[in-house]
Amino acid sequence: MEIVLASSNEHKVKEINEIVSGKGIKFILPPKGFDPIESGDTFSENSYIKAFDAWKLTKTWTLADDSGLCVDALDGKPGIYSARYAETPQKRIDRVLNELNGIKDRDARFVCYMTLISPDGEIAYSCAGICEGSITTKQRGTNGFGYDPIFLIKNSDKTMAELSENKKNEISHRSRALNQVVEFLEKHILK
């Protein structure tokens with residue numbers, strides 16, 4: 001089964017295809033013209049906006065995720081603005097570390113909300129995946145991307161960026177949401 005992943009991020013498509021390897025599902029990028037305006041106030045709303053925008057171009061199964069880092073001491077920021085919190089990945093990390101300077105409570109979570117739209121344009125399934133952790137005081141690790149080098153996984157001594165790709169794919173917020181989507185597809189569509 002081929003599903004359009006409502007994203008222009010080739011790394012995300014590769015990561016998601018690795019997670020579903022052997023499940024009979026392949027994700028592909030949407031065609032040219034995919035340029036949704038993420039005007040929602042929540043991960044759920046933005047996920048739907050992206051999925052529906054891709055569906056309008058393809059009229060086939062589409063899946064979108066909206067994800068980000070939510071830090072308790074920052075009232076949930078960067079949240080839905082995680083990818084736009086500063087101009088570059090390094091500046092986004094620096095901004096979070098600067099805003100947490102001197103703060104002891106560094107609890108945080110990665111959140112991923114997914115929306116699956118069927119060929120008739122209706123929401124077939126939606127869910128959230130969460131990975132709990134906290135923010136380090138210094139960057140550690142070279143794997144991953146985004147905020148991975150400052151996200152210390154709960155009950156672990158490693159940041160996301162210190163994990164192998166396979167290990168990250170087992171525990172990440174995206175894999176937790178995606179596994180729920182795959183389970184839905186296996187029960188209701190792929191049977």
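Predicted model, so just to flag it, every value in this text is computed and none were measured. Numbering starts at 1 and runs along the sequence shown. Basis for what follows: all heavy atoms, side chains included, without hydrogens, waters or symmetry-related copies.
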CD of E45 to NZ of K50: how many Å apart, nearest 0.5 Å?
->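 Going from the CD atom of E45 to the NZ atom of K50 covers 12.5 Å.
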Roughly how far, to the nearest 0.5 Å, is CG of L185 from CE of M1?
->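 Reported to 0.5 Å precision, the distance equals 5.0 Å.
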Can you see which heavy atom on [X] is nearest to which on [Y], and at what distance?
X    : Y    : result
C131 : R176 : CA-NH1, 3.7 Å
S39  : N46  : N-OD1, 3.5 Å
P36  : D53  : N-OD2, 3.5 Å
I135 : F151 : CD1-CD1, 4.3 Å
G68  : F43  : N-CE2, 3.5 Å
K23  : L190 : O-CD1, 4.0 Å

For the salt bridge (Lys or Arg N to Asp or Glu O under 4.0 Å) test, which of R92, K158, K168 pairs with D148?
->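 That would be K168.
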E99 and R95: salt bridge (Lys or Arg N to Asp or Glu O under 4.0 Å), yes or no, with the steps?
-> CA-CA 6 Å; E99 289 177 350; R95 180 174 176 186; 2.9 Å; yes
Measure from the ring center of Y125 to the ring center of F184 and say whether it is less than 6.0 Å.
->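 Yes, the ring of Y125 comes within the 6.0 Å limit of the ring of F184, centre to centre.
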N/O donor-acceptor pair under 3.5 Å between [X] side chain and [Y] backbone:
X    : Y    : result
N143 : L163 : yes
S21  : E18  : no
S82  : G79  : yes
R109 : I130 : no
D65  : M114 : no
T115 : S126 : no
W61  : E2   : no

Assess whether a salt bridge exists between [X] and [Y], defined as any Lys/Arg side-chain N lying under 4.0 Å from an Asp/Glu carboxylate O.
X    : Y    : result
D107 : K154 : no
E15  : K12  : no
R84  : E38  : yes
K187 : E183 : yes

Counting only heavy atoms from other residues, nucleotides and ligands, does the tally under 6.0 Å from [atom1] of [X] exceed 12?
X    : atom1 : answer
Y81  : OH    : no
K26  : NZ    : no
D120 : CG    : yes

Taking C-beta and beyond as the side chain, do I117 and Y48 meet within less than 4.5 Å on heavy atoms?
->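 Of all side-chain heavy-atom pairs linking Y48 with I117, at least one is under 4.5 Å.
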Tell me, do L100 and V71 make a side-chain contact under 4.5 Å, heavy atoms counted?
->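 Yes - at least one pair of side-chain heavy atoms lies under 4.5 Å apart.
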Is a side-chain donor-acceptor pair under 3.5 Å present for S44 with S47?
->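 No, because no side-chain N or O of S47 sits under 3.5 Å from a partner of the opposite role on S44.
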Step-by-step side-chain contact (heavy atoms from CB on, under 4.5 Å) determination, T159 to I153 | CA-CA 6 Å; T159 66; I153 302 149; over 6 Å; no
For the residue pair Y147 and F110, does the interplanar ring angle fall in the parallel (under 30°), tilted (30 to 60°) or perpendicular (over 60°) class?
->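 Y147 and F110: tilted rings.
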